[in-house]
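A quick write-up on the structure given underneath.
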Amino acid sequence: MKQHINQLVTQALERLAAGGSLTLPADLTVQIERTRTREHGDFASNAAMILAKPAGMKPRDLAAQIVEQLPTSEQVARVEIAGPGFINFFLTPAAYQALVPLIIESGAAYGRSDQYRDTPVMVEFVSANPTGPLHIGHGRGAAVGDCLCRLLAANGYPVTREFYYNDAGQQINNLALSVQARARGVTPDDPDWPADGYRGEYISDVARAYMQGESVHAEDRDISAAADAEDLEAIRAFAVAYLRREQDADLKAFAVHFDNYYLESSLYDDGRVEQTVAQLIASGHTYEQDDALWLRTTDFGDDKDRVMRKSDGSYTYFLPDVAYHVYKWQRGFRRVINEQGADHHSTITRVRAGLQALDIGIPEHWPEYVLHQMVTVMRSGEEVKISKRAGSYVTLRDLIDEVGCDATRYFLVARKSDSQLTFDIDLAKSQSNDNPVYYIQYAHARICSVFRQLAERELAYDQTRGLAAVERLDSAEEQTLLVSLSRYPEVIEAAANTLEPHLLAYYLRDLAGEFHVYYNSQQFLVDDASLRDARLSLASAVRQVLGNGLELLGVSAPESM
RNA sequence: GCCCUGGUAGCUCAGGGGAUAGAGCGACGGCCUCCUAAGCCGUAGGUCGCAGGUUCGAAUCCUGCCCGGGGCACCA
């Protein structure tokens with residue numbers, strides 16, 4: 001639709017230019033926008049306002065000339081000039097009614113496209129270290145990242161989902177020491193407790209399982225416990241596998257899956273870290289100072305240089321990060337999106353600086369980042385504190401168990417990710433009209449219910465008859481619904497292009513609301529068979545779009561509630 | 001101090017160059033002999049943090065300031 005209007009305006013402008021009354025700038029891009037209210041039609045163009053000044057004309061006069069040159073179109077009922085010089089297009093009801101058969105025929109494919117099928121993209125998200133259960137911050141990353149993957153895939157991108165974690169560093173060492181302490185019966189309040197130990201109760205569970213000789217199976221590893229409290233290496237390996245297994249279970253319960261788990265340790269095993277160091281030194285952007293090896297990241301926009309190799313010979317975390325991203329590039333991903341917490345934003349400049357220093361043709365702004373701000377959890381009007389070290393802890397699993405996967409996912413993805421989010425447990429749990437998740441799902445269930453009611457009344461839905469009568473869908477409520485249905489593909493594309501899944505959450509809320517209004521204003525099961533079937537066809541199309549959209553959010557679309 | 005982010009209705013948040021600034025919740029008042037009331041309708045509620053600037057037009061872009069969050073390690 002939008003594209004069609006664009007063509008009409010472009011043709012009109014070209015005619016004016018050919019007639020000599022207008023000169024078009026070479027870089028002209030005509031804007032066709034959805035209008036905010038129906039009084040302004042369906043689409044509006046600002047072409048006259050933009051071109052008025054160079055043409056030396058008043059916007060409204062120029063608009064009149066453009067309108068005069070517009071080709072006629074079956075889809076356009078009328079055109080108006082309004083306000084400071086907008087050209088408003090009013091589409092015919094038929095243009096919208098034609099969507100009903102289109103949506104029903106397209107089914108799950110409605111709103112999807114394959115336009116980016118030639119651009120493999122990797123999305124790295126969650127990437128939690130195996131030092132504890134996933135908390136609600138990881139949950140936000142999981143929900144946003146997973147939804148992004150679904151949106152990208154819906155636009156045709158071949159998507160690879162990757163989870164990267166450190167299985168060997170100092171944090172893991174603290175983990176192993178903590179488990180060992182618990183295995184020996186030492187508690188966090190003991191003087192013997194490791195300095196940076198993890199104090200959470202789950203550490204006791206790991207220690208107990210280890211001492212009982214349990215075997216664990218995680219997505220990316222299997223291990224049996226040695227049950228020896230003195231074998232720190234065995235404890236380390238067991239604890240990592242145990243917590244990975246827990247995280248897998250959390251992610252599974254959250255309907256999130258990954259194609260690949262990538263270990264930081266493998267970057268060392270494969271020699272990629274050493275190789276990256278050698279290349280960085282060769283590139284001339286490094287220097288030695290105070291027995292450490294520095295990378296001159298200030299050459300690439302950082303505000304101070306960074307240490308790559310510490311004076312004790314070990315590497316800082318950012319070096320494997322660079323090596324890891326080089327490998328992503330080498331694997332052929334020309335689009336890479338990293339979804340992570342905003343508390344890690346300082347890595348962006350450094351990783352990009354490292355990649356630029358290598359001078360291997362990686363674009364300046366590669367990879368892309370989607371950062372999410374912190375989540376505050378509220379219960380009974382009070383903030384629930386999250387602190388892994390202290391042990392009081394809102395885990396993702398607790399949330400899923402308490403409020404359900406659907407509501408948790410919806411709430412975590414329904415906000416723009418760069419604003420802080422308040423997760424109200426009471427609201428998310430409430431099975432009432434307070435809760436937007438149920439509001440959307442209820443619209444879907446209601447439509448299913450209408451079709452069940454149809455059968456109970458021993459009526460049958462004749463789709464052919466319904467689609468032949470779509471011109472009877474002419475009420476204000478029906479037109480409103482049809483406009484929203486026409487917007488769905490634009491929303492899917494925009495949400496993927498801007499990497500903003502919340503756009504979809506809002507859209508579905510609006511669509512559901514419009515359906516509820518319709519439901520209350522008109523009867524579906526009327527005696528007039530063709531009218532009945534036409535309305536059922538529209539309901540069916542709405543159900544399809546609600547279902548398609550919920551699928552992209554990873555939220556279920558129940559048939560009854 | 002520097003960098004990133006946010007500041008829009010009592011609360012939670014959309015809108016991020018266009019035409020009278022939106023939604024939900026909360027408040028108040030209505031609607032089930034009728035396809036699920038997990039719904040609908042109505043009323044009240046705003047100096048879009050402040051001040052300049054750019055523009056035909058600024059909640060939206062730029063600059064400065066104020067306030068909240070995060071980050072500025074030879075931690076990750």
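The sequence lines fix the lettering, A, B, ..., with proteins before strands; numbering per chain opens at 1. Below, all heavy atoms of this structure are taken into account, side chains as well, without hydrogens, waters or symmetry copies.
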Integer-rounded Å distance: [N] [atom2] and [X] [atom1]:
X: L427(A); N: rC13(B); atom1: CG; atom2: P; answer: 11 Å
X: H372(A); N: rG71(B); atom1: NE2; atom2: P; answer: 13 Å
X: L319(A); N: rC74(B); atom1: CG; atom2: P; answer: 14 Å
X: K304(A); N: rC74(B); atom1: NZ; atom2: P; answer: 6 Å
X: E514(A); N: rA23(B); atom1: CD; atom2: C1'; answer: 12 Å
X: D302(A); N: rA73(B); atom1: CG; atom2: C1'; answer: 13 Å
X: R415(A); N: rC25(B); atom1: CZ; atom2: C1'; answer: 11 Å
X: I172(A); N: rA76(B); atom1: CD1; atom2: P; answer: 12 Å

Could you tell me whether [X] contacts a base, only the sugar-phosphate backbone, or nothing, with contacts defined as non-hydrogen atoms closer than 4.0 Å?
X: D290(A); value: base
X: A445(A); value: base
X: H502(A); value: sugar-phosphate
X: N88(A); value: base
X: M561(A); value: base
X: A52(A); value: nothing
X: A342(A); value: sugar-phosphate
X: Q441(A); value: nothing

If the [atom1] atom of [N] is compared with that of [M], how far apart are they to the nearest Å?
N: rC50(B); M: rG68(B); atom1: C1'; answer: 16 Å
N: rC41(B); M: rA9(B); atom1: P; answer: 23 Å
N: rA27(B); M: rG18(B); atom1: P; answer: 35 Å
N: rC13(B); M: rG70(B); atom1: P; answer: 16 Å
N: rG30(B); M: rA44(B); atom1: C1'; answer: 15 Å
N: rG7(B); M: rG17(B); atom1: P; answer: 14 Å
N: rU55(B); M: rU60(B); atom1: P; answer: 16 Å
N: rU36(B); M: rC31(B); atom1: C1'; answer: 16 Å

**OP:** Please check the phosphate of rA23(B) (OP1 and OP2 only) for any side-chain N or O of Y507(A) closer than 4.0 Å.
**Re:** no
Original post:
Would you say H40(A) reaches rU20(B)'s phosphate, i.e. side-chain N/O to OP1/OP2 under 4.0 Å?
Top reply: no
Assert yes or no for the condition that the ring centre distance of [X] to [Y] is strictly below 6.0 Å.
X: F423(A); Y: F411(A); answer: yes
X: H345(A); Y: Y369(A); answer: no
X: Y519(A); Y: Y442(A); answer: no
X: F125(A); Y: F163(A); answer: no

With a cut-off of 6.0 Å (strictly less than), are more than 12 heavy atoms of other residues, nucleotides or ligands near [atom1] of [X]?
X: E559(A); atom1: CD; value: no
X: M378(A); atom1: CE; value: yes
X: Q289(A); atom1: CD; value: yes
X: D527(A); atom1: CG; value: no
X: K58(A); atom1: NZ; value: no

Please pick, from [options], the nucleotide with the shortest atom-to-atom distance to any side-chain atom of [X].
X: W294(A); options: rC13(B), rC74(B), rA73(B); result: rC74(B)
X: T422(A); options: rA23(B), rA76(B), rC13(B); result: rC13(B)
X: F86(A); options: rC74(B), rU36(B), rA19(B); result: rA19(B)

Over all atoms of both residues, closest heavy-atom pair of [X] and [Y]:
X: A505(A); Y: I440(A); result: O-CD1, 4.3 Å
X: S530(A); Y: A469(A); result: O-CB, 3.7 Å
X: R352(A); Y: E364(A); result: CD-O, 3.6 Å

**OP:** Syn or anti for rC28(B), please, going by whether the chi angle lies within 90° of 0.
**Re:** anti
Subject >> S417(A) and Q373(A), any side-chain heavy atoms less than 4.5 Å apart >> reply: no
Original post:
Is any side-chain heavy atom of H502(A) closer than 4.5 Å to a side-chain heavy atom of V413(A)?
Top reply: no
Original post:
For residues 482-498 of chain A, which residues have at least one heavy atom under 4.0 Å from RNA chain B?
Top reply: none
Subject >> Near-strand residues of residues 306-316 of chain A, defined as heavy-atom separation under 4.0 angstrom from RNA chain B >> reply: R306(A), V307(A), K310(A), S311(A), T316(A)
Subject >> Face-on cation placement of R350(A) at Y317(A) ring, 6.0 Å and 45° thresholds >> reply: no
Taking only nitrogen or oxygen atoms into account, show me every contact under 3.5 Å that the protein makes with nucleotides 33-35 of chain B, one pair per line with its distance.
from, atom 1, to, atom 2, distance (Å)
rC35(B), O4', R457(A), NH2, 3.4
rC35(B), O3', Q453(A), NE2, 3.3
rC35(B), O2, F524(A), N, 3.4
rC35(B), O2, L525(A), N, 3.3
rC35(B), N3, F524(A), N, 3.0
rC35(B), N4, Y519(A), O, 2.5
rC35(B), N4, Q522(A), O, 2.4

Original post:
Are D528(A) and R532(A) ion-paired here, with the side-chain N under 4.0 Å from a carboxylate O?
Top reply: no
I'd like a table of atom pairs between the protein and nucleotides 59-61 of chain B - only N or O on both sides, under 3.5 Å - with the distance next to each one.
from, atom 1, to, atom 2, distance (Å)
rA59(B), N6, R36(A), NH2, 3.4

With rounding to the nearest 0.5 angstrom, report the [atom1] to [atom2] distance, [X] to [Y].
X: W193(A); Y: S178(A); atom1: CH2; atom2: OG; answer: 5.0 Å
X: F524(A); Y: L531(A); atom1: CZ; atom2: CG; answer: 10.5 Å
X: I66(A); Y: I81(A); atom1: CD1; atom2: CD1; answer: 8.5 Å

**OP:** Scan nucleotides 1-9 of chain B nucleotide by nucleotide, 5' to 3', and note B when protein non-hydrogen atoms come under 4.0 Å of the base, S if they reach only the sugar-phosphate, - if neither.
**Re:** --BSSS---
Original post:
Do the side-chain N and O atoms of H285(A) and D299(A) include a donor-acceptor pair separated by under 3.5 angstrom?
Top reply: yes
Subject >> Pair R409(A)-S556(A), side-chain donor/acceptor within less than 3.5 Å >> reply: no
**OP:** Could you run through RNA chain B and flag its stems, i.e. three or more consecutive Watson-Crick or G-U pairs with both distances under 3.5 Å?
**Re:** B:1-7 with B:66-72, B:10-13 with B:22-25, B:27-31 with B:39-43, B:49-53 with B:61-65
